[in-house]
Amino acid sequence: MRQIVLDTETTGINPKLGNRILEIGCVELKNRMLTGNNFHAYINPERDSEEGALNVHGLTTEFLRDKPKFHEIVEQLRSYIAGAEVIIHNAPFDLGFLNHEFKRLNLPSFSEHIGGVIDTLVQAKELHPGKRNSLDALCDRYGVSNSHRKLHGALLDAELLADVYLSMTRGQNSLGMDVEEEADAGGALLEPIPLADIIFQPADADELAAHEATLSGLDKAVKGSCIWRATLAPQG
């Protein structure tokens with residue numbers, strides 16, 4: 001399974017008012033593992049950023065003046081994202097800009113190039129109703145360090161979102177250890193292989209202290225007693 005965690009920075013909030021993409025950052029996951037095959041581009045948007053947007057990303061017109069225009073990077077982007085499931089925080093925003101840029105070039109929409117979309121903002125609202133679910137809030141909730149994030153940057157935010165997504169969906173991993181009988185081409189059952197002896201290694205003092213620190217952090221995040229403490233508490 002190939003997934004792309006994607007983020008953009010833009011000159012403003014509405015592509016219909018002429019705002020453009022000026023940075024794209026993508027991080028690749030294969031089978032929920034970071035591959036290091038990332039995509040990043042600064043783009044000359046051919047216009048100034050609105051003041052509010054500039055305060056968010058800090059990418060000035062002067063810095064972007066010699067960067068490639070969108071039509072110069074679009075084929076590389078199309079090849080990179082083709083068929084992948086794309087993970088975005090607040091997907092309608094980024095998809096609105098990407099589809100607009102593709103339309104300007106008379107290309108099939110960005111959405112038609114990919115295999116589906118996961119909106120982590122929607123996921124977070126379902127998991128944490130009534131709580132703040134910005135990327136910064138989720139980094140804090142899931143223990144993802146963002147102390148180096150002074151301004152928004154597309155690649156940095158995509159990297160942070162990848163860590164948040166993996167943490168937020170960790171429970172989806174299968175922990176089952178069922179052993180199924182296998183058959184060869186002729187239909188005969190293979191001879192069962194005995195399991196190795198199970199070795200019990202108790203946690204040492206440092207490991208127990210680290211475990212307690214993790215539980216305390218979870219208690220703080222839920223503002224109470226986390227589910228693991230409730231499960232381990234003696235029943236009256």
Side-chain angles (χ1 to χ4, degrees), residues 4-27 38-81 84-114 116-125 131-140 144 146-165:
I4 301 297
V5 186
L6 179 147
D7 187 60
T8 65
E9 298 298 335
T10 64
T11 63
I13 63 172
N14 191 340
K16 294 181 179 179
L17 298 179
N19 285 300
R20 304 286 302 280
I21 292 174
L22 51 75
E23 185 185 8
I24 299 175
C26 302
V27 174
N38 301 336
F39 175 90
H40 178 247
Y42 290 115
I43 299 164
N44 180 353
E46 304 176 84
R47 58 156 292 166
D48 295 337
S49 290
E50 296 176 359
E51 183 178 357
L54 182 60
N55 290 337
V56 169
H57 54 66
L59 300 174
T60 64
T61 301
E62 290 71 24
F63 173 78
L64 297 168
R65 196 181 307 281
D66 63 349
K67 303 302 185 285
K69 298 179 175 65
F70 193 88
H71 72 86
E72 297 176 90
I73 62 94
V74 70
E75 290 305 321
Q76 185 182 359
L77 176 62
R78 292 174 75 189
S79 175
Y80 181 82
I81 55 94
E85 183 176 61
V86 178
I87 300 166
I88 307 174
H89 199 68
N90 191 16
F93 179 88
D94 298 84
L95 290 178
F97 272 92
L98 287 162
N99 286 331
H100 183 76
E101 294 284 0
F102 276 53
K103 183 178 180 180
R104 291 181 77 254
L105 299 175
N106 295 315
L107 294 171
S109 70
F110 177 89
S111 298
E112 293 177 69
H113 286 75
I114 61 179
V117 176
I118 292 176
D119 190 335
T120 50
L121 179 59
V122 172
Q123 284 188 328
K125 287 180 176 179
K131 295 186 177 181
R132 293 178 59 249
N133 289 300
S134 66
L135 181 56
D136 283 335
L138 292 174
C139 285
D140 184 59
V144 175
N146 63 346
S147 58
H148 52 308
R149 184 184 191 241
K150 306 305 180 185
L151 292 170
H152 287 243
L155 184 59
L156 172 59
D157 285 2
E159 291 170 342
L160 292 173
L161 182 59
D163 287 340
V164 165
Y165 170 75

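Note: hydrogens, waters and symmetry copies are ignored here, and every other heavy atom, side chains too, is used.
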Flag, side chain of [X] to backbone of [Y], donor-acceptor distance under 3.5 Å:
X	Y	result
Asn133	Lys131	yes
Asn90	Leu121	no
Glu112	Ser109	yes
Glu101	Ile21	yes

Side-chain touch [X]/[Y], heavy atoms, less than 4.5 angstrom:
X	Y	value
Asp7	Leu135	no
Leu155	Glu159	yes
Val164	His89	no
Ser111	Val117	no
Ile13	Asn19	no
Leu161	Asp157	no
Leu107	Val74	yes
His113	Phe102	yes

Can you spot which of Glu9, His57, Arg20 makes a side-chain contact (heavy atoms from CB on, under 4.5 Å) with Ser49?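 Checked Glu9, His57, Arg20 against Ser49; only one passes side-chain contact (heavy atoms from CB on, under 4.5 Å): His57.
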If you count heavy atoms of other groups shown closer than 6.0 angstrom to CZ of Arg47, is the number above 12? yes
Which residues pass the salt bridge (charged side-chain N to carboxylate O under 4.0 Å, His left out) test with Glu72, not counting sequence neighbours?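 With neighbours one apart ignored, the set is empty.
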How many angstroms lie between [atom1] in [X] and [atom2] in [Y], if you round to the nearest 0.5 Å?
X	Y	atom1	atom2	answer
Ile118	Ile4	CD1	CD1	12.0 Å
Tyr165	Gln123	OH	CD	6.0 Å
Phe39	Leu77	CZ	CG	5.0 Å
Ile81	Leu6	CD1	CG	8.5 Å
Leu95	Ile114	CG	CD1	6.0 Å
Ile24	Ile43	CD1	CD1	4.0 Å

What residues form a side-chain hydrogen bond (donor to acceptor under 3.5 Å, both in side chains) with His100, not counting sequence neighbours? none
With distance as the sole criterion, is a donor-acceptor pair present between the side chains of His40 and Glu23 under 3.5 Å?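 Yes, a side-chain donor-acceptor pair sits under 3.5 Å.
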Per the side chain to side chain donor-acceptor pair (under 3.5 Å) rule, what does the pair list look like for residues 61-70, sequence neighbours excluded?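 Listed by first then second residue: Asp48-Thr61.
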Nearest heavy-atom pair of [X] and [Y]: which atoms, and what distance?
X	Y	result
Gly96	Pro15	O-CG, 4.0 Å
Ala154	Gly25	CB-N, 3.3 Å
Val5	Ala158	CG1-O, 3.4 Å

